[in-house]
Amino acid sequence: MLEKMYLLGFAEGGWGTALLGAAAVTLFLSVLGFLLGAVFGALGASGGLSSRRIPRSLASAYGTIFRGVPDLLTIYLFYYGGSVALTAIARGFGSEDFVGLPSLATGILAMGIISGAYQAEVYRGAYLAVEPGQFDAAKALALSRMQMLRFVIIPQLLRHAIPGLSNVWQLVLKDSALISVIGLVELMRQAQVAAGSTREPFLFYLAAASLYFVIAGITGQVFRVAEDRASRGLAHR
């Protein structure tokens, strides 16, 4: 295999540039999917913690559906279901062509909704982990609701949530490989193309695994630094 390493280079005939570009697409997709998931997760956690029945039921249904349905199937449903809807709308304006959703946008939306279902549970558990006395102390200081959230609740919530969010991030990063099924050329898809073109599948899949490992390692360190900063000033048991 060593004599084939030139295939991973950046000279003519090498796939290094294509692989690094695909890795950048993977990182971009994962980051935006995770951030969008944070929005859905916050909404889901808010509904799950609500004292009203309808928001609780909606949040429960959201989590049950998107944590229970296989991620690949969810991606297919979003892509083909959205494409069918767009095609029907286009036909209403006289077009006979099939209208497909952009792969990147669909991937970001699918990853956001899927990861949001997991993040909702992380945020809900983190909120419940905040000591009730903190709420009483904030009220005793006459803090407004926004001040309470900004200065008391959210900092402590994040302190409890970061470890769980790190796990969700790893899930999003791995699930990004599934977006290749709807035509997006991310790291996994580029490795498949290179493997098929050169007939060196082990080399390119090993290279892809190495790049995933590097991305996971660097981003994992970011979460560890964030966790350390959020826990600054606390006594470690």
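By the rule that hydrophobic residues join a cluster once side-chain heavy atoms approach within less than 4.5 Å of another member, Val185 and Val25 end up as members of separate clusters. Residues Leu72 and Leu171 share a single hydrophobic cluster, defined by chaining ILVMFWY side chains whose heavy atoms lie under 4.5 Å apart. By the rule that hydrophobic residues join a cluster once side-chain heavy atoms approach within less than 4.5 Å of another member, Val69 and Tyr80 end up as members of one cluster. Tyr123 and Leu58 are assigned to two separate hydrophobic clusters, defined by single-linkage of ILVMFWY side chains at heavy-atom distances under 4.5 Å. In the hydrophobic cluster analysis, where Ile, Leu, Val, Met, Phe, Trp and Tyr join through side-chain heavy atoms closer than 4.5 angstrom, Leu19 is grouped together with Phe10.
The distance from atom CG of Leu29 to atom CG of Leu173, rounded to the nearest 0.5 Å, is 9.5 Å. Distance check: Ile114 CD1 to Thr74 OG1 gives 4.5 Å after rounding to the nearest 0.5 Å. Going from atom CD of Gln170 over to atom CG of Asp175 covers 11.5 Å, rounded to the nearest 0.5 Å. In this structure, the separation between CG on Leu86 and CZ on Arg91 is 12.0 Å, given to the nearest 0.5 Å. Within the model, atoms CG of Leu187 and OG of Ser210 stand 10.0 Å from one another, a figure rounded to the nearest 0.5 Å. In this structure, CD1 in Ile108 is found 8.5 Å from CG in Leu36, a value given to the nearest 0.5 Å.
Side chains of Met5 and Leu203 form a contact here, defined as non-hydrogen atoms less than 4.5 Å apart. Between Asp97 and Thr87 the shortest side-chain heavy-atom distance does not fall below 4.5 Å. Using a 4.5 Å heavy-atom cutoff, the side chains of Tyr118 and Asn167 are not in contact. Put simply, the side chain of Trp15 reaches to within 4.5 Å of the side chain of Gln190, judged on heavy atoms. Residues Tyr127 and His160 have side chains not in contact (no heavy-atom distance under 4.5 Å, counting atoms from C-beta outward).
Between Pro163 and Glu227, the shortest heavy-atom distance links the atoms CG-OE2, 3.5 Å. The shortest heavy-atom contact between Met188 and Glu186 is N-OE1, 2.9 Å. The two residues Ile162 and Ala230 make their nearest non-hydrogen contact at CD1-CB, 3.9 Å. Taking every heavy atom of both residues into account, Gly100 and Ser83 meet most closely at CA-OG, 3.5 Å. A pairwise comparison of heavy atoms in Arg189 and Leu184 identifies CB-O, 3.5 Å as the closest pair. Of all non-hydrogen atoms in Ile179 and Ser103, the two that sit nearest each other are CG2-O, 4.1 Å.
The number of heavy-atom neighbours closer than 6.0 Å to CG of Leu73, taken from other residues, nucleotides and ligands shown, is above 12. Summarising the local packing, CD of Glu131 is surrounded by 12 or fewer heavy atoms from other residues, nucleotides or ligands at distances under 6.0 Å. Residue-environment remark: CZ (Arg229) stays at or below the threshold of 12 foreign heavy atoms within 6.0 Å.
Under the 30°/60° scheme for interplanar angles, the aromatic rings of Trp169 and Phe223 are found to be tilted.
Between the side chain of Ser115 and the main chain of Met111, a donor-acceptor pair closer than 3.5 Å is present. Between the side chain of Ser197 and the backbone N or O of Ala194 there is no donor-acceptor pair closer than 3.5 Å. Distance alone, capped at 3.5 Å, places no donor-acceptor pair between the Ser46 side chain and the Ala42 backbone. Here the side chain of Ser30 pairs a donor or acceptor atom with the backbone of Thr26 at under 3.5 angstrom.
Here Glu121 pairs with Arg124 under the side chain to side chain donor-acceptor pair (under 3.5 Å) rule; sequence neighbours left out.
Ring centroid separation for the pair Tyr62 and Phe66 comes in under the 6.0 Å cut-off.
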